[in-house]
There are 2 protein chains.
Amino acid sequence: MQNFFPILASSTLFKGMTEEELKAILNCLKAVPKNFSKDEYIFHMGDTIKQMGLVLTGSVHLSKEDYWGRKTIHAEIGQGDIFAESFASAVHKSPLNAYCAKNSTILFMDIRKVLSVCSSSCSFHNTLIHNFVAVLAEKNIKMSAKIENLTQKTTKDKLLIYLSNQSQLQQSAKFTIPFNRQELADYLSVDRSAMSMELGKLRDQGIIAYDKNTFEILNKNLTTG
Amino acid sequence: MQNFFPILASSTLFKGMTEEELKAILNCLKAVPKNFSKDEYIFHMGDTIKQMGLVLTGSVHLSKEDYWGRKTIHAEIGQGDIFAESFASAVHKSPLNAYCAKNSTILFMDIRKVLSVCSSSCSFHNTLIHNFVAVLAEKNIKMSAKIENLTQKTTKDKLLIYLSNQSQLQQSAKFTIPFNRQELADYLSVDRSAMSMELGKLRDQGIIAYDKNTFEILNKNLTTG
DNA sequence: CCTTTTTTGTTGGAATTACAACAGCAATAT
DNA sequence: ATATTGCTGTTGTAATTCCAACAAAAAAGG
């Protein structure tokens with residue numbers, strides 16, 4: 001367990017904790033690491049989930065098969081990140097498969113132990129709960145933003161809403177985005193070339209200006225040609 | 001506060017608690033109800049949020065204005081439901097406005113008090129934390145499912161994924177959905193009539209059968225005409 | 001510097017979708 | 001029974017989007 005301290009200390013769940021604090025809380029949680037081979041399944045769709053996982057080494061894929069057997073990968077969980085926390089906290093049944101994309105070491109934690117302050121001896125449990133809730137809440141906010149974008153009917157509206165949100169987040173009409181064109185198209189779930197065309201139109205209409213990842217919203221009425 | 005006990009007891013956050021337990025925990029949280037008039041704002045975009053809200057009476061709308069002043073309502077929060085919990089837990093800045101659609105009474109709770117077990121005298125704080133996390137986790141799971149649907153490029157794929165998921169959730173090839181056609185179209189963010197046409201095609205191809213809200217997935221290869 | 005690779009913009013045709021308008025049907029009310 | 005209302009399916013047209021292929025520009029590597 002010793003050698004995992006650096007990973008844990010920089011993880012979303014345990015961030016900000018010292019080695020001493022980590023020792024105390026890991027003892028309190030009675031969490032044990034477990035090794036998995038590449039392509040080995042951690043759990044399957046429909047399994048009852050009571051533990052969350054934290055990737056100590058390697059990488060985990062969350063995947064799904066629909067009724068007709070078509071497979072999709074829904075997320076890749078890397079070192080220091082947690083998974084299955086929502087399934088363990090709420091529905092207790094997983095709608096997804098989890099398998100290791102590489103040889104991996106996973107730390108499993110009973111969700112009840114994570115969320116219940118056990119004894120006064122473990123003084124860092126409150127911090128853990130705060131971190132855990134912050135992770136859930138942040139995912140929530142990001143997903144809400146994504147849904148807002150995906151709900152727009154046209155590519156133009158998806159772009160305008162996305163850019164408007166970025167501008168508001170960075171509190172400036174000029175801002176940079178964390179995507180290249182292909183990534184932005186994937187995020188908005190549209191065709192890259194069609195999106196590129198819409199960006200060009202918006203620039204020609206004087207609504208936005210851009211250079212690579214830097215965008216600027218110009219104070220133009222949307223209806224103006 | 002007395003008269004709000006029935007509402008609280010059936011709320012997502014405090015469900016399952018007796019009046020005695022509620023008294024203890026409300027005392028522990030030092031939560032105070034506050035009245036708002038119709039159309040009165042609770043907070044604005046960009047405000048720093050440290051408290052979550054619970055609607056005791058009335059109704060709250062979460063809304064947003066984009067860069068060009070176009071307004072949209074993102075959610076309606078009704079009696080017994082909570083809001084602003086994610087903003088208070090993570091980013092601390094609200095990307096949304098909250099205002100009352102009717103005269104309302106809101107119970108505000110400091111998020112730190114909700115998440116930190118204060119003293120041993122309040123034995124139900126652990127239950128509260130579990131409930132709180134369950135609410136966040138459930139929203140998370142629902143949003144993931146919605147994103148999966150919205151990400152599909154064609155109406156046909158949106159329908160197939162949605163129906164496949166419902167079938168898997170209800171563990172049966174035959175199942176009912178909680179939407180009528182217009183609501184389903186809104187959920188999938190497509191045009192109702194176009195969706196209706198796609199449903200007809202899928203039925204003609206022998207892939208699905210349906211009558212009103214009852215659907216059945218027939219064991220047909222997707223590529224079959 | 002030149003070559004290779006990656007990213008971005010552009011085009012045209014095929015497919016899909018939105019939109020509007022209307023008809024059929026069921027449920028409800030008068 | 002009749003009228004009203006709401007829900008669903010159908011149709012045709014216009015607009016949008018996807019897709020594939022290619023060109024231009026930028027970045028990376030030798």
Side-chain angles (χ1 to χ4, degrees), chain A residues 70 72 146-163 166 174-218 222-225, chain B residues 70 72 146-163 166 174-218 222-225:
Chain A
R70 299 180 299 180
T72 45
K146 181 158 189 171
I147 287 174
E148 186 190 4
N149 282 313
L150 292 176
T151 301
Q152 305 303 318
K153 291 239 169 74
T154 64
T155 302
K156 178 183 169 187
D157 276 332
K158 286 183 179 183
L159 282 169
L160 288 177
I161 293 291
Y162 177 79
L163 295 174
Q166 288 300 311
K174 197 168 185 175
F175 52 90
T176 61
I177 67 170
F179 295 136
N180 64 24
R181 295 290 183 275
Q182 183 62 60
E183 289 166 339
L184 180 58
D186 289 343
Y187 179 80
L188 299 177
S189 198
V190 296
D191 180 70
R192 182 194 57 78
S193 66
M195 186 190 78
S196 197
M197 232 182 57
E198 286 298 330
L199 279 174
K201 272 199 227 167
L202 288 172
R203 183 182 47 196
D204 294 346
Q205 292 169 357
I207 295 170
I208 63 171
Y210 58 87
D211 179 51
K212 297 177 190 174
N213 291 0
T214 304
F215 285 77
E216 183 174 5
I217 304 185
L218 310 170
L222 273 188
T223 53
T224 322
Chain B
R70 298 180 299 181
T72 44
K146 182 160 188 170
I147 287 175
E148 186 190 4
N149 282 312
L150 292 176
T151 301
Q152 305 303 317
K153 290 238 170 72
T154 65
T155 302
K156 177 182 170 186
D157 276 333
K158 287 184 179 182
L159 282 169
L160 288 177
I161 292 291
Y162 177 78
L163 294 174
Q166 288 298 311
K174 197 168 184 174
F175 52 90
T176 61
I177 67 170
F179 294 135
N180 64 25
R181 296 291 183 275
Q182 182 63 61
E183 289 166 339
L184 180 58
D186 288 343
Y187 179 80
L188 299 178
S189 199
V190 296
D191 179 69
R192 182 192 58 76
S193 67
M195 185 189 80
S196 198
M197 233 182 58
E198 287 298 330
L199 280 173
K201 273 199 227 166
L202 288 171
R203 183 183 47 197
D204 295 346
Q205 291 168 357
I207 296 169
I208 64 171
Y210 59 88
D211 178 52
K212 296 178 187 174
N213 291 359
T214 304
F215 286 77
E216 183 173 5
I217 304 185
L218 309 170
L222 272 189
T223 52
T224 321

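Reminder, nothing fancy here: chain letters follow the sequence lines and each chain counts from 1. These figures come from a predicted structure and were not determined experimentally.
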Between the protein and nucleotides 21-29 of chain D, are there any N/O to N/O pairs under 3.5 Å, and if so, what are the atom names and distances?
residue, atom, partner, partner atom, Å
D:dA27, OP1, A:K212, NZ, 2.7

Review point. Taking only residues at least two apart or on different chains, which pairs with a member in residues 147-161 of chain A satisfy salt bridge (charged side-chain N to carboxylate O under 4.0 Å, His left out)?
Key: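 Qualifying pairs, neighbours excluded: A:E148-B:K64, A:D157-B:R70.
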Practice item. Taking ring pair (Phe, Tyr, Trp, His ring centres under 6.0 Å) as the test, write out the residues that go with A:Y210, two or more places apart. Key: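 Counting only residues at least two positions away or on another chain, A:Y210 forms a ring pair (Phe, Tyr, Trp, His ring centres under 6.0 Å) with A:F215.
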Exercise for review: Please list, by residue number, the residues of residues 152-160 of chain A whose heavy atoms come closer than 4.0 Å to an atom of DNA chain C; answer none if no residue qualifies.
Suggested key: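 The answer is A:K153.
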Check your understanding: Want to settle it: does B:L199 or A:M195 sit nearer the 5' end of DNA chain D, counting the closest nucleotide to each?
Key ->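 Between the two, 5'-proximity favours B:L199.
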Check your understanding: Among all residues two or more places apart in sequence or in another chain, which pass the side-chain contact (heavy atoms from CB on, under 4.5 Å) test with A:S196?
Key ->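 side-chain contact (heavy atoms from CB on, under 4.5 Å) check on A:S196 returns nothing, list empty.
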Check your understanding: Of the residues in residues 179-190 of chain B, which ones touch DNA chain D at a heavy-atom distance under 4.0 Å?
Key ->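 Under 4.0 Å from DNA chain D: B:N180, B:R181, B:Q182.
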Exercise for review: Note the angle between the end axes of the helix from C:dC1-D:dG30 to C:dT30-D:dA1, five pairs defining each, rounded to 10 degrees.
Suggested key: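 It works out to 40° between the end axes.
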Considering residues at least two apart in sequence or located in another chain, which fulfil the side chain to side chain donor-acceptor pair (under 3.5 Å) criterion with [X]?
| X | value |
| --- | --- |
| B:K174 | none |
| A:S193 | A:D191 |
| A:T176 | none |

Any N/O pairs under 3.5 Å between the protein and nucleotides 13-15 of chain D? List them or say none.
none

Name each donor-acceptor pair under 3.5 Å that joins a side chain in residues 181-188 of chain B to protein atoms two or more places apart or in another chain, with its distance.
residue, atom, partner, partner atom, Å
B:R181, NH1, B:K212, O, 3.2
B:R181, NH2, B:K212, O, 3.2
B:Q182, NE2, B:D186, OD1, 3.1
B:E183, OE1, B:N180, N, 3.0

